[in-house]
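Input: a single structure, listed below in structure tokens.
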Amino acid sequence: MNNSVEFDFLKDEICRVYGKPVKNPSDFEGLASAIENAVAQLVSVSTLKRLWGYVTYGSDPRNSTLDILSRYVGRADYRTLCLELQQTSSFFEADRVLSSDLKKGAVIELGWMPDRTVRLEYMGENRFIVNESVNSKLKEGDIIETSQFIKGQPLFIGSVLRDGQQLQSYVAGKSKGLTRLAVS
């Protein structure tokens, strides 16, 4: 449950409504207060910490907790939020770059909020090497694998190879998408 698309969407929406990411104890305290003020119901600081993975806990959140959090982001309940999310698929126009359209050696510059920038060089076969990284979890020398870049959408990287070790998948620009996309 805690890794579901719907639950991740709910957490992103909560941060959007709250106005900032939730990362440390004072953020959780502020969020608990904001939720109580907005919907007149209490979600404890410890519950919020568990939901964000700040502390470990072995069970899924209660439906009543998910309903309160969904009301905080303007939905009637969690079920309504999930149904809305399922019905939001659509075609869209966007600036995009397909890896298959690039030649070896092409350089792509990416940016995302708040102040992340990365410069990649195309190696062929959907693989890129990170030549420059500023404020990103990606590091110079990482080799990533992705088939496309879409401005305004998150970048999903299925494979990150660092110092010969395979890392987990990575998402750049998860909440607001790529804000910069340039090819040279």
Looking at every non-hydrogen atom in both residues, tell me the closest pair between [X] and [Y] and how far apart they are.
X	Y	result
Ser169	Gly158	OG-O, 3.2 Å
Leu81	Phe9	CD2-CD2, 4.0 Å
Val73	Arg75	O-NH1, 2.8 Å
Val160	Gln168	CG2-O, 4.1 Å

Check: Does the pair Ile144 and Arg127 meet the rule for a side chain to side chain contact (heavy atoms under 4.5 Å, CB included), with working shown?
Finding: CA-CA 6 Å; Ile144 67 167; Arg127 294 173 33 143; over 6 Å; no
If two hydrophobic side chains count as joined below 4.5 Å and joins carry through other members, does [X] share a cluster with [Y]?
X	Y	answer
Met113	Leu138	no
Leu102	Met123	no
Ile108	Ile129	no

Could you measure the distance from the [atom1] atom of [X] to the [atom2] atom of [Y]? Nearest 0.5 Å is fine.
X	Y	atom1	atom2	value
Ile157	Leu120	CD1	CG	7.5 Å
Asp115	Thr179	CG	OG1	10.0 Å
Lys137	Leu167	NZ	CG	12.0 Å
Arg96	Leu181	CZ	CG	11.5 Å
Leu69	Leu48	CG	CG	6.5 Å
Asp95	Leu178	CG	CG	11.0 Å

Strictly distance-based, threshold 3.5 Å: is any side-chain N or O of [X] a donor or acceptor partner for the main-chain N or O of [Y]?
X	Y	result
Arg116	Pro114	no
Ser100	Ser147	no
Ser159	Glu145	no
Asn24	Ser26	yes

Margin query: Test side chain to side chain contact (heavy atoms under 4.5 Å, CB included) on Cys82 and Glu6; report intermediate values, then the result.
Written below: CA-CA 6 Å; Cys82 292; Glu6 293 86 357; 3.6 Å; yes
Next item on the list: Answer yes or no: does atom CD of Gln166 have more than 12 heavy-atom neighbours from other residues, nucleotides or ligands under 6.0 Å?
Entry: yes
Check: When you look at CZ of Arg162, are more than 12 heavy atoms from neighbouring residues, nucleotides or ligands closer to it than 6.0 Å?
Finding: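 Check passes, neighbour count above 12.
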Mind checking whether [X] and [Y] have side chains closer than 4.5 Å, heavy atoms only?
X	Y	answer
Asp142	Leu161	no
Leu155	Val171	no
Trp52	Pro21	no
Phe7	Leu66	yes
Gln148	Val97	no
Ser175	Trp112	no
Thr117	Asn135	no
Val118	Val130	yes

Next item on the list: Please assess Ser136 against Tyr170 for the test side chain to side chain contact (heavy atoms under 4.5 Å, CB included), listing each intermediate value before the final yes or no.
Entry: CA-CA 11 Å; Ser136 167; Tyr170 179 75; 3.8 Å; yes
Item checked: side chain to side chain contact (heavy atoms under 4.5 Å, CB included) evaluation trace for Val107 with Val183 -> CA-CA 6 Å; Val107 174; Val183 179; over 6 Å; no
Item checked: Ion pair Arg119/Glu109, N-O distance below 4.0 Å -> yes
Notebook entry, point to check: Thinking salt bridges, do Glu121 and Lys104 make one under a 4.0 Å N-O criterion?
Noted result: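 Result for this pair is no, no salt bridge flagged.
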Side-chain donor-acceptor pairs of residues 38-46 under 3.5 Å, sequence neighbours excluded:
residue : atom : partner : partner atom : Å
Gln41   : OE1  : Arg71   : NE           : 3.3
Gln41   : OE1  : Arg71   : NH2          : 2.8
Ser44   : OG   : Ser46   : OG           : 3.1
Ser44   : OG   : Thr47   : N            : 3.0
Ser44   : OG   : Thr47   : OG1          : 2.8

Notebook entry, point to check: Is there a donor in the side chain of Asp67 and an acceptor in the side chain of Ser70, or the other way round, less than 3.5 Å apart?
Noted result: no
Item checked: Plane angle bin for Tyr122 and Phe128 - parallel if under 30°, tilted between 30 and 60°, otherwise perpendicular ->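 Plane angle between 30° and 60°, so tilted.
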Next item on the list: For this output row, return yes or no: ring centroids of Phe149 and Phe156 closer than 6.0 angstrom.
Entry: no
